Structures are given as C-alpha cells and as structure tokens.
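This report refers to the structure that appears directly beneath it.
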Amino acid sequence: MLGHVGFASGWHCVTCPQEVNEPAKMFQRLPEEINVIRVRKQGKNGTSKDFVVRRYEQNRGKRRFQESWKTGRPWLKVSAESMSCTWCTDVHEAPNEFCWTTAKVETLKSHESSKAHIKSVGVIKGRTLVAKGEITEAQKSIESLNKAVINKLSILFKTVHALCLAGRPFSDYVWMSKLDKAKGLDIGQTYLNSNSAKEFSKFIALTELNKIAQIIQSSKFVSILSDGSTDCSVTEVEIVYARICNAGEIKVFFLNPAFVDKSDADGIIAAMIRSVEKVGVPWEEFLKKLVGMGSDGASVMLGKNNGVAAKLRSLQPSMVAVHCYAHKLELAFKDAIKHVPLDTKVTTCLLQGLYYFYHNSALNRANLKSSFRTLNKKVLLPTRIGGTRWVGHLLRALENFLTGYEAVKQHLEQICSPDAVERSSASTSGKAKDLLKLVKSKHVMLYCYFLADIATILFRLSKVFQRRECCASDIYGMVEETNNLIDLYSTKFW
C-alpha cells in the first residue's frame with residue numbers, strides 16, 4: 001500500500017501519490033513522529049496538486065455550533081446538525097443554499113460579507129419600514145430617479161388638458177410643446193407628437209370619469225339633464241349631464257354624448273343609458289337614485305304620454321320632470337314682444353337689416369369704420385340678433401346700435417346724399433334709405449331704448465337660470481326682483 005511513499009528526513013513527513021482519504025487512515029499505523037502526510041494527486045498533461053493531511057485533524061473532537069454566534073446575527077438559525085440564514089432563505093427562496101453543516105464561525109463571517117446576504121439585509125429592512133408605514137430606501141431611490149420624468153410628463157399633461165378645455169385640435173400640441181421648450185421648460189425629447197396628446201387625453205378622461213362615478217355612487221340622489229345636438233357629421237347626438245348635491249354643494253357633471261339611433265323617446269332613453277354606464281355607474285343603480293330630469297320643452301322630452309319624462313317616470317315614480325327655466329324665459333319673452341307692432345320693425349327690419357347690410361359688404365363695413373374714427377368713437381359693428389341665447393344676442397345688438405348710433409346714421413346719410421363722393425349701387429342706396437328712415441324714427445328709437453332696458457333685466461335673469469349651481473331659492477328671488485323692475489318700467493313715460 002505504501003509502495004510509492006516518500007519519507008522526509010527524521011521520519012516526520014511522508015509523501016505518497018494515493019488519494020487524500022487513504023493516507024489519512026494510515027496515521028494509526030505510522031510512527032508517532034509522522035505528523036503530516038502530503039499527497040500529490042496526478043492530473044492531466046503531467047500536472048499534479050499537493051494535499052496536506054495533519055495528524056491532529058484526525059484526533060481532534062467534533063466541532064459544535066455555539067449559541068454565542070447568534071449575538072448580532074438575528075438572521076442566524078442554529079440547530080444540532082446545521083446552521084442557516086433565515087433572511088437569505090426567505091428572500092432568495094433557496095433553503096439548501098444557505099444552510100451549512102460545518103460549525104465554523106469563519107463560514108458565518110464569509111456569508112455576512114457576501115452580495116446575496118447584503119441584498120437580503122436591504123430587503124428585510126425595507127419590509128420592516130413598510131410595515132411601520134415609513135418610506136423605504138428603494139422608494140426614495142425610485143422617486144428620485146422618476147422625479148424628473150414626472151415633472152416632464154406633468155407639463156405635457158397640463159398642455160393636453162388645456163387643449164381639451166379650449167376645444168383645440170391635437171395638432172396644436174406640437175407647436176405648444178415647442179413653445180414650452182422656447183420658454184426654457186424641460187419637457188424631454190419624447191411624447192411630443194399629436195398621437196401622444198391623444199393618448200394623454202384618454203387617460204385624463206378616464207381619471208375624470210372615475211371621479212364622477214365615485215361621486216355619483218356616494219350620493220343619495222341624482223338628477224339627469226339632457227338636450228339634443230348635431231355634430232359635424234350631421235348625426236343626432238344626445239348630450240347628458242348629471243346634477244347632484246354632495247355635502248350641501250350642488251354640482252353638475254358632463255357625462256358623455258351618445259348617438260341617437262332614432263329621435264324618439266325610446267332612442268333618447270337608450271342614449272342616456274349608454275352615457276351613464278360608460279362612466280362606470282350601472283343604470284339600475286342610477287335609476288334608484290333618480291329624482292329629477294331637466295330638458296327643453298320639446299314634446300319628445302316632456303310629452304304627457306310617450307315623452308322621455310313619462311317613460312322614466314314609469315320606471316321611477318319619484319322622478320320630477322322640469323322644463324328648463326332659461327328656455328321658458330326665452331319663449332315667454334318671444335311670445336310677449338311678438339304682439340308689439342314696432343317689434344318687427346326694430347328686430348327684423350332695423351337690427352337684422354343693419355347686420356346683413358354691413359356683414360355682406362366689405363365696402364360698407366370699411367366706410368362705417370371710417371365714420372367711427374371720424375367721430376373719435378370705438379368701432380362697434382352691428383351684430384345678429386339670433387343664436388342659442390337670443391335674449392343676450394338681442395341685447396348686444398341693441399347696445400352696439402345705440403352706442404354707435406351717430407356713426408351709423410352718418411354713414412347712411414353719406415350713402416343717400418346726392419353729393420356723395422363714392423356713388424353706390426341702386427340696391428345699396430335703396431337699402432340705406434329704408435334703414436335711415438327707421439334710424440330717424442322717434443318711435444323706433446324709443447322702442448329700442450325700452451327694449452334694451454327690458455332685455456337687460458331678462459338677460460340677468462337668464463344668466464342666473466343658466467348657472468350650474470342655481471337652485472330653487474335663487475330662481476324665486478330673481479323672478480321676484482325681475483317682476484318688480486318690470487312693474488317699475490311700466491310706469492315710465494317715453
């Protein structure tokens with residue numbers, strides 16, 4: 001067995017080429033003077049490696065795990081057969097990798113300085129801070145890295161939000177971003193096209209719709225406001241609003257526009273259902289809270305038998321249908337003045353005639369502006385009296401005409417004068433003569449001033465009706481005040 005054994009001088013060292021474990025078993029048969037055996041293991045290509053086996057390692061007692069090793073190491077778990085790192089086992093999910101059967105403190109020290117253990121210590125520390133509700137180092141690092149990105153996106157989102165509020169096209173987003181760069185704002189180099197603006201607007205809309213859904217679901221009662229409209233493709237659209245009272249504060253939210261397949265009561269109700277459910281509120285839940293509906297006076301909306309209000313009332317008997325007060329005011333005013341003989345002369349012949357006389361002729365419009373400048377007055381061109389809020393349009397047309405009366409009269413007289421420098425066509429001269437006749441009429445002018453006073457009062461009342469937060473007490477007070485002012489004007493003599 002010891003055929004190729006080499007003995008050092010003094011018989012205290014033996015060199016042999018056998019396996020390491022074999023010479024280790026030979027100490028008991030060797031003289032006591034031999035304390036070390038060096039085994040040279042042959043490798044490939046003539047290489048070799050030396051292994052040293054000492055006698056004391058064979059005779060020493062078995063190592064034991066010490067409880068004192070746990071001091072300062074809360075992660076250490078010690079048993080009779082092994083020791084392990086509970087933190088690394090939990091974080092890395094590898095129970096066998098961080099368990100040792102050799103009872104050496106050097107093993108623990110080596111593990112403490114390893115990258116895996118350092119990472120585990122950070123993870124456990126972060127979990128502890130999260131449990132306490134404190135900010136972890138990882139969160140601080142992420143916030144620090146993302147702060148610049150968040151600031152850039154915040155500027156871009158605000159730009160898109162402004163475009164949506166102003167009703168501007170997404171193509172404006174590109175040049176507005178360039179303007180932000182010119183101002184010195186850091187908006188980065190990405191998300192600077194119209195497609196990004198479109199995506200941003202979707203997320204803004206989703207966020208707002210979620211807020212509206214939460215408010216509606218937390219409210220006990222809700223009213224629905226609806227009106228028809230036509231989009232640019234000449235398609236019938238129903239515009240739906242929700243009106244609620246939350247914590248004593250009245251709020252009106254725009255829900256969604258919905259296409260109407262057929263402009264009857266069933267089609268409008270189907271559009272309402274789609275608008276409400278698109279926000280994220282189930283229609284059945286919305287219907288249980290429904291106490292009111294507001295609309296114009298169209299028969300399809302307020303019809304007694306087959307109107308939208310009647311059909312909704314069959315589903316929710318507690319619902320009350322309200323005819324829009326602003327619409328009722330305009331209809332009442334229109335019915336009242338149509339019986340006045342001078343009304344047609346003032347509104348149709350004079351105000352509407354002046355608007356088209358100057359609107360359709362660039363030459364007349366330029367000469368009128370020259371007349372204003374000659375009199376050192378601010379240029380106020382005639383405006384049309386029609387429109388969705390025609391009481392306000394009528395008042396503006398009257399104010400412009402009465403304020404610029406001298407300039408309009410002077411220009412019309414110049415056209416009608418036989419000594420005019422610039423000769424006008426027969427058609428223009430004829431229209432100017434008719435308008436000048438009305439402008440010089442005492443009764444027409446008195447009625448214009450009277451109508452301006454009445455329209456001023458009614459316009460104030462109409463603006464109160466159109467306020468989103470308007471309530472019944474506001475309407476009652478303004479109606480009483482308007483009645484008193486009209487009674488006061490009725491005692492005047494012109």
Side-chain angles (χ1 to χ4, degrees), residues 166-169 172 229-234 330 333-334 336-456 458-459 462-463 494:
R168 300 296 303 167
D172 287 357
S229 179
T230 304
D231 64 1
C232 59
S233 62
V234 198
E330 293 173 355
F333 180 55
K334 185 177 180 179
I337 63 176
K338 72 180 181 180
H339 299 292
V340 179
L342 287 173
D343 182 67
T344 302
K345 289 185 178 181
V346 171
T347 57
T348 305
C349 298
L350 178 59
L351 298 179
Q352 197 75 351
L354 285 174
Y355 170 74
Y356 286 114
F357 183 76
Y358 291 106
H359 179 75
N360 296 334
S361 175
L363 178 61
N364 291 340
R365 195 162 55 249
N367 292 334
L368 178 61
K369 293 179 180 179
S370 299
S371 181
F372 272 103
R373 286 191 289 267
T374 302
L375 298 173
N376 294 324
K377 289 188 175 183
K378 181 181 177 180
V379 177
L380 293 173
L381 297 177
T383 60
R384 63 180 303 182
I385 62 174
T388 54
R389 299 173 182 172
W390 67 275
V391 174
H393 284 276
L394 174 62
L395 178 60
R396 185 175 63 175
L398 286 168
E399 289 178 343
N400 285 6
F401 168 65
L402 296 176
T403 304
Y405 173 79
E406 294 296 333
V408 172
K409 179 183 175 183
Q410 176 178 288
H411 178 239
L412 293 176
E413 288 176 344
Q414 290 175 354
I415 296 175
C416 298
S417 174
D419 301 329
V421 177
E422 296 182 3
R423 301 296 298 177
S424 301
S425 63
S427 176
T428 303
S429 300
K431 291 178 182 179
K433 288 180 181 179
D434 294 337
L435 292 173
L436 183 60
K437 183 178 179 181
L438 293 174
V439 168
K440 290 184 176 181
S441 172
K442 175 183 176 181
H443 297 288
V444 169
M445 293 307 300
L446 288 176
Y447 182 74
C448 285
Y449 280 105
F450 173 77
L451 193 60
D453 290 339
I454 296 298
T456 300
L458 297 181
F459 182 58
S462 179
K463 286 199 298 183
W494 301 93

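Not measured: the values here are computed from a predicted model.
- Using a 4.0 Å cut-off between a side-chain N of Lys or Arg and a carboxylate O of Asp or Glu, Lys433 and Glu413 do not qualify as a salt bridge.
- Judged by distance alone, with hydrogens and angles left aside, the side-chain atoms of Thr403 form a donor-acceptor pair with the main-chain N or O of Glu399 at under 3.5 Å.
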*Report the C-alpha separation of Val408 and Leu412 in whole Å, then their side-chain angles, then the decisive distance to 0.1 Å, and conclude whether the side-chain contact (heavy atoms from CB on, under 4.5 Å) test is met.*
CA-CA 6 Å; Val408 172; Leu412 293 176; 4.0 Å; yes
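- Within 6.0 Å of the NZ atom in Lys377, the count of heavy atoms belonging to other residues, nucleotides or ligands exceeds 12.
- At a threshold of 4.5 Å between non-hydrogen side-chain atoms, the residues Tyr447 and Ile337 count as touching.
- Considering every non-hydrogen atom in both Ala432 and Ile415, the closest pair reads CB-CG2, 3.8 Å.
- In terms of heavy-atom proximity, Val391 sits nearest to Glu330 at CG2-CG, 3.9 Å.
- For Ser441, the side chain to side chain contact (heavy atoms under 4.5 Å, CB included) partners at least two apart in sequence or on another chain are His443, Val444.
- Pairing each heavy atom of Cys448 with each of Leu398, the nearest pair is O-CD2, 4.1 Å.
- When all heavy atoms of Ala397 and Thr383 are compared, the closest pair comes out as CA-OG1, 3.3 Å.
- Scanning both residues, Leu402 and Ala452, for their nearest heavy atoms gives CD1-CB, 4.1 Å.
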Let me have the donor-acceptor pairs involving side chains of residues 354-366, under 3.5 Å, with sequence neighbours excluded, atom names and distances please.
| unit_1 | atom_1 | unit_2 | atom_2 | d |
| --- | --- | --- | --- | --- |
| Tyr358 | OH | His411 | ND1 | 2.8 |
| Asn360 | ND2 | Tyr356 | O | 3.3 |
| Ser361 | OG | Asn364 | N | 3.2 |
| Ser361 | OG | Asn364 | ND2 | 3.3 |
| Asn364 | ND2 | Phe357 | O | 3.4 |
| Arg365 | NH1 | Tyr358 | O | 2.8 |
| Arg365 | NH1 | His359 | O | 3.1 |

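- Side-chain atoms of Asn400 do not come within 3.5 Å of backbone N or O of Pro382 as any donor-acceptor pair.
- Counting only heavy atoms from C-beta outward, the side chains of Leu381 and Lys369 approach each other to under 4.5 Å.
- When all heavy atoms of Cys416 and Leu436 are compared, the pair lying nearest together is SG-CD2, 4.2 Å.
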*Are Phe401 and Met445 close enough, and set up right, to give a side-chain contact (heavy atoms from CB on, under 4.5 Å), and what steps lead you there?*
CA-CA 10 Å; Phe401 168 65; Met445 293 307 300; 3.8 Å; yes
*For side-chain contact (heavy atoms from CB on, under 4.5 Å), just list the numbers for Leu394 and Leu351, CA-CA rounded to whole Å, side-chain angles, deciding distance to a tenth of an Å, and then say yes or no.*
CA-CA 9 Å; Leu394 174 62; Leu351 298 179; 3.9 Å; yes
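- Among the candidates Val346, Ile385, Thr347, the single residue satisfying the side-chain contact (heavy atoms from CB on, under 4.5 Å) test with Gln352 is Ile385.
- Thr374 and Ser371 are not linked by any side-chain donor-acceptor pair at a separation below 3.5 angstrom, with hydrogens and angles left out of the test.
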